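Worth saying up front: this structure is predicted, and the values here are computed from it rather than measured. Just so we're on the same page: letters track the sequence lines, and every chain starts at 1.
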Amino acid sequence: MKIVVCIKQVPDTEAEVKWDLQKGTLKREGMDSITNPFDEFALEEALLTKEKYDGEIVAITMGPDKAMDVLRNALALGVDQVYHINDPAIAGSDTLGTSYVLAKAIEKVGNVDLVFCGKQATDGNTGIVSPELATRLGFSQLTFVAKVDEIDAAGKKIKVQRGIEGGIETVEAKLPAVVSVSKGINEPRLPNLMGIRKAAKVQIPAWDCDAIGAAKDKVGTEGSHGKVVELTTPPPRSAGEMLKGEMEEVANVLVGKLLDLKVIK
Amino acid sequence: MADEHKDVWVYIEHKDGVTTPMSYELLGAGKMLADTLGSKVCAFVIGEKTEEIAKNAGNYGAATVYAIDGASFKTFRPDAFAKAGASLVSKFKPDIVLYRATTQGQDLSAAMAAQLEVGLGSDAIDLQIDAGSKTMKLTRAAFGGNFLATYMNTRSKPQMATVRPKVFPMPQHDTAKNAEIVKESFSMAEDDARTKVLQFSQSEVAVNLIEADIIVSGGRGVGGSEGFSVVKALADTLGGAMGASRAAVDSGWVPYEHQVGQTGKTVKPKIYIACGISGAIQHLAGMRTSDCIVAINKDAEAPIFKIASFGIVGDYKQIVPKLVEQFKQKLNK
Ligand SMILES: Cc1cc2nc3c(=O)[nH]c(=O)nc-3n(C[C@H](O)[C@H](O)[C@H](O)COP(=O)(O)OP(=O)(O)OC[C@H]3O[C@@H](n4cnc5c(N)ncnc54)[C@H](O)[C@@H]3O)c2cc1C
Ligand SMILES: Nc1ncnc2c1ncn2[C@@H]1O[C@H](COP(=O)(O)O)[C@@H](O)[C@H]1O
């Protein structure tokens with residue numbers, strides 16, 4: 001079985017976020033970055049799948065030079081192959097452009113049975129890329145996956161559980177499929193020292209638009225349909241009222257104040 | 001060339017043919033946009049039997065309802081629904097299409113966006129029409145709610161967006177209002193569908209944080225699963241949902257479905273009560289836009305107090321049961 005994992009590098013939540021308002025995009029340079037937390041679950045699920053069903057794992061990321069870090073981490077954990085999609089033309093891609101590039105890269109990898117993505121990236125918070133990717137590739141679209149029940153590689157079928165509003169849905173789908181996973185599906189392992197040493201020596205192959213056959217007018221700021229035209233900071237929440245005194249009295253005051261909002265029935 | 005795209009469309013979601021009033025909520029936002037543009041708000045529905053849903057959409061304000069019926073559309077499946085939806089959009093060319101930011105709305109909108117090659121704005125908390133360009137302006141929270149970003153798609157039509165549940169007022173249900181119903185056919189061989197829903201099992205505790213008006217959350221300070229029964233008692237008394245911080249979820253005290261925050265759910269209830277939660281930036285990312293925030297924490301220096309509308313320094317074990325008791329009394333429960 002051939003498995004692809006899509007891993008994105010995102011700014012650390014605690015890092016100061018810088019925006020290029022001219023372009024309406026994030027200035028990714030000089031910001032502390034981490035592997036998108038949901039992609040750690042995707043990567044772990046790929047490793048577990050390989051351990052159980054055998055196969056080969058290819059990790060890909062699309063991003064600037066330093067996005068390579070997330071691939072080194074994937075190598076240290078034991079993926080077989082990585083590709084770094086890096087081309088100045090890609091900078092500023094929206095989800096449509098991103099899913100196009102990733103789809104082209106996955107087609108280039110070829111004969112893929114299963115693609116794992118994270119449920120969403122914590123920077124854009126959209127969760128759109130994986131369903132778009134599935135549609136573009138013509139693969140089954142399995143989002144919000146909380147558990148992979150079984151994979152029948154020969155019969156080209158997969159059974160998963162999806163966490164949706166109000167409960168769990170069990171879905172059977174044809175392979176190939178794009179599976180985006182949510183937290184709780186597994187406990188990501190940490191790389192060991194030997195893995196890290198080995199990964200440090202690997203020459204990470206880079207692909208540009210030409211390498212994957214992506215049309216430049218469909219990617220980057222140029223190819224994006226949407227644009228952030230304005231960025232504001234919401235009015236700071238003024239710290240409200242501290243309720244002090246004897247607990248019985250404090251509870252009484254709070255109950256009164258909350259009932260005044262006329263929300264509680 | 002004159003732009004032939006017109007009208008604002010709203011996708012009416014259902015689960016196996018069953019809707020709730022919330023399924024129709026975006027007809028209110030759609031009407032507001034349509035009025036500004038001088039066009040109509042319309043609905044589209046895909047299902048096995050859609051008559052009742054189409055009629056209701058009319059009652060909630062849709063001028064026209066486009067419907068596709070078929071046995072392949074009994075339960076929601078993204079590929080089947082997206083193909084059907086894209087066929088409607090390609091034929092009737094709406095200017096704007098809105099979906100709810102639910103699992104179904106997100107699945108369908110993204111699949112349709114990729115099929116139609118159009119942009120998609122997600123999780124809007126405000127929608128407006130730009131006066132000059134007549135383009136939809138969508139506001140969403142970005143970067144843990146530290147920023148509000150305004151997004152516009154001036155490149156492609158239809159302009160599509162998912163909208164956070166409950167940010168726009170519910171439209172009125174009025175049986176005097178009826179829609180013109182346009183039935184379109186779209187057939188799909190069962191063999192062509194890539195996915196099949198085998199089963200749905202309802203959670204014992206249906207957690208619908210996104211739609212809750214009141215959320216009572218617990219964190220590490222609650223101390224364990226027993227502590228969460230105190231938190232739950234307050235949530236139940238108030239008719240609200242129970243939330244949790246990641247620390248509480250990672251400790252195994254409550255399942256992940258309850259987690260609020262950057263790697264959990266983003267919520268905007270009218271009242272959010274945080275018990276034993278310190279207010280780390282990743283937690284605030286998921287709840288800072290709540291209308292009224294109440295913080296109960298032993299530590300007067302906890303960052304949660306900086307954003308709380310009402311703060312109480314103290315032990316939740318003492319305060320929360322008192323709140324339950326007093327609410328019960330005053331609400332005659
Ligand atoms: C990439 C990433 C993503 C994350 N995503 C999320 C997320 O989605 N959601 C999330 O919540 N966190 C998330 N976190 C974790 C976050 O940084 C914090 O660790 C977490 O929110 C802390 O939870 P807490 O407030 O319950 O615990 P703590 O920070 O330990 O706070 C416990 C609080 O309880 C108070 N307390 C103790 N006993 C009592 C008592 N008896 N009565 C009243 N108060 C008491 C203490 O004073 C303290 O303030 C994420 C972190 C990272 C790095
Ligand atoms: N630039 C990227 N490189 C690799 N994978 C990505 C990229 N952007 C998004 N993805 C994948 O798509 C998922 C959803 O991202 P998003 O739709 O941006 O929230 C992520 O968790 C990744 O698995």
Answer yes or no: does atom NZ of B/Lys196 have more than 12 heavy-atom neighbours from other residues, nucleotides or ligands under 6.0 Å? no
Atom NZ of residue position A/Lys174 - does it have more than 12 heavy atoms of other residues, nucleotides or ligands inside 6.0 Å? yes
Mind listing the closest non-hydrogen atom pair of B/Tyr256 and A/Ser182 along with its distance? CE2-CB, 4.3 Å
For chain A, which of B/Ser201, B/Gly119, B/Gly121, B/Ala280 has the most heavy-atom pairs under 4.5 Å? B/Ser201
For the residue pair A/Val250 and B/Ile319, establish whether any side-chain heavy-atom pair is separated by less than 4.5 Å. no
Contact leader toward chain B among A/Asp94, A/Thr95, A/Leu258, A/Leu261, where contacts are heavy-atom pairs under 4.5 Å: A/Leu258
Rounded to the nearest 0.5 Å, what separates atom NE2 in A/His225 from atom NZ in B/Lys157? 13.0 Å
Hydrogens and angles aside, do B/Thr103 and A/Glu165 bring a side-chain donor and acceptor to less than 3.5 Å of each other? yes
Quick check on B/Ile293 against chain A: is it the side chain, the backbone, both or neither that has a heavy atom closer than 4.5 Å? both
Between B/Asp107 and A/Arg162, is the closest basic N to carboxylate O distance under 4.0 Å? yes
Under 4.5 Å heavy-atom distance to chain A, tell me which part of B/Ile307 shows up: side chain, backbone, both or neither. both
Measuring heavy-atom distances to chain A, does B/Leu120 have an atom under 4.5 Å in its side chain, in its backbone, in both, or in neither? both
Check this for me, if you would: do B/Glu117 and A/Arg136 make a salt bridge, where the nitrogen-to-carboxylate-oxygen distance has to be below 4.0 angstrom? yes
Closest non-hydrogen contact found for B/Phe310 with A/Lys257 is CE2-CD, 3.1 Å
Would A/Leu259 and B/Leu331 count as a side-chain contact (heavy atoms from CB on, under 4.5 Å) here? Give the steps. CA-CA 9 Å; A/Leu259 287 175; B/Leu331 297 165; 3.9 Å; yes
Interatomic distance, OG1@B/Thr266 vs CD@A/Gln120, rounded to 0.5 Å, equals 7.0 Å
Heavy-atom closest contact (A/Lys159 atom, B/Leu198 atom, distance): CD-CD1, 3.6 Å
What residue in A/Ser130, A/Ala134, A/Pro37, A/Gly138 has the most heavy-atom pairs under 4.5 Å with chain B? A/Gly138
Top of B/Lys330, B/Gln318, B/Gln159 for chain A proximity - count of heavy-atom pairs under 4.5 angstrom: B/Lys330
Let me know if B/Ala193 has heavy atoms under 4.5 Å from chain A in its side chain, its backbone, both or neither. backbone
Checking A/Tyr100 against chain B: side chain, backbone, both or neither under 4.5 Å from a heavy atom? neither
Nearest 0.5 angstrom please: B/Leu238 CG to A/Ile264 CD1, how far? 5.0 Å
For residues A/Lys227 and B/Thr154, determine if any side-chain heavy atom of one lies less than 4.5 Å from a side-chain heavy atom of the other. no
Indicate the atoms forming the closest heavy-atom contact of B/Ser122 with A/Ile128, along with that distance. CB-CD1, 3.8 Å
Is a side-chain donor or acceptor of B/Gln326 paired with a backbone partner of A/Val255 at a separation under 3.5 angstrom? no
Is it the side chain or the backbone of A/Lys218 that comes within 4.5 Å of chain B heavy atoms, both, or neither? side chain
How close do B/Thr263 and A/Lys183 get, counting heavy atoms only, and between which atoms? O-CD, 4.3 Å
Working to the nearest 0.5 angstrom, can you tell me the gap between A/Thr122 OG1 and B/Gln282 CD? 9.5 Å
Measure distances from B/Asp291 to the heavy atoms of chain A and classify the residue's part below 4.5 Å as side chain, backbone, both or neither. backbone
Under 4.5 Å from any heavy atom of chain A - which part of B/Thr75: neither
Top residue by heavy-atom pair count (under 4.5 Å) with chain B, among A/Gly256, A/Ala251, A/Pro131? A/Ala251
Would you give the length of the straight line joining atom NZ of B/Lys83 to atom OG1 of A/Thr135, rounded to the nearest 0.5 angstrom? 9.0 Å
Chain B contact via A/Leu142 - which portion, at a heavy-atom distance below 4.5 Å: side chain
Measure distances from B/Ile214 to the heavy atoms of chain A and classify the residue's part below 4.5 Å as side chain, backbone, both or neither. side chain
Distance from B/Arg140 atom CZ to A/Thr126 atom OG1, nearest 0.5 Å? 7.0 Å
So what's closer than 4.5 Å to chain A heavy atoms on B/Val249: side chain, backbone, both or neither? side chain
Kindly give the heavy-atom pair with the smallest separation between A/Glu132 and B/Ala113, and that separation in Å. OE2-CB, 3.6 Å
Who wins among B/Glu325, B/Lys322, B/Lys306, B/Met112 for the most heavy-atom pairs under 4.5 Å with chain A? B/Lys322
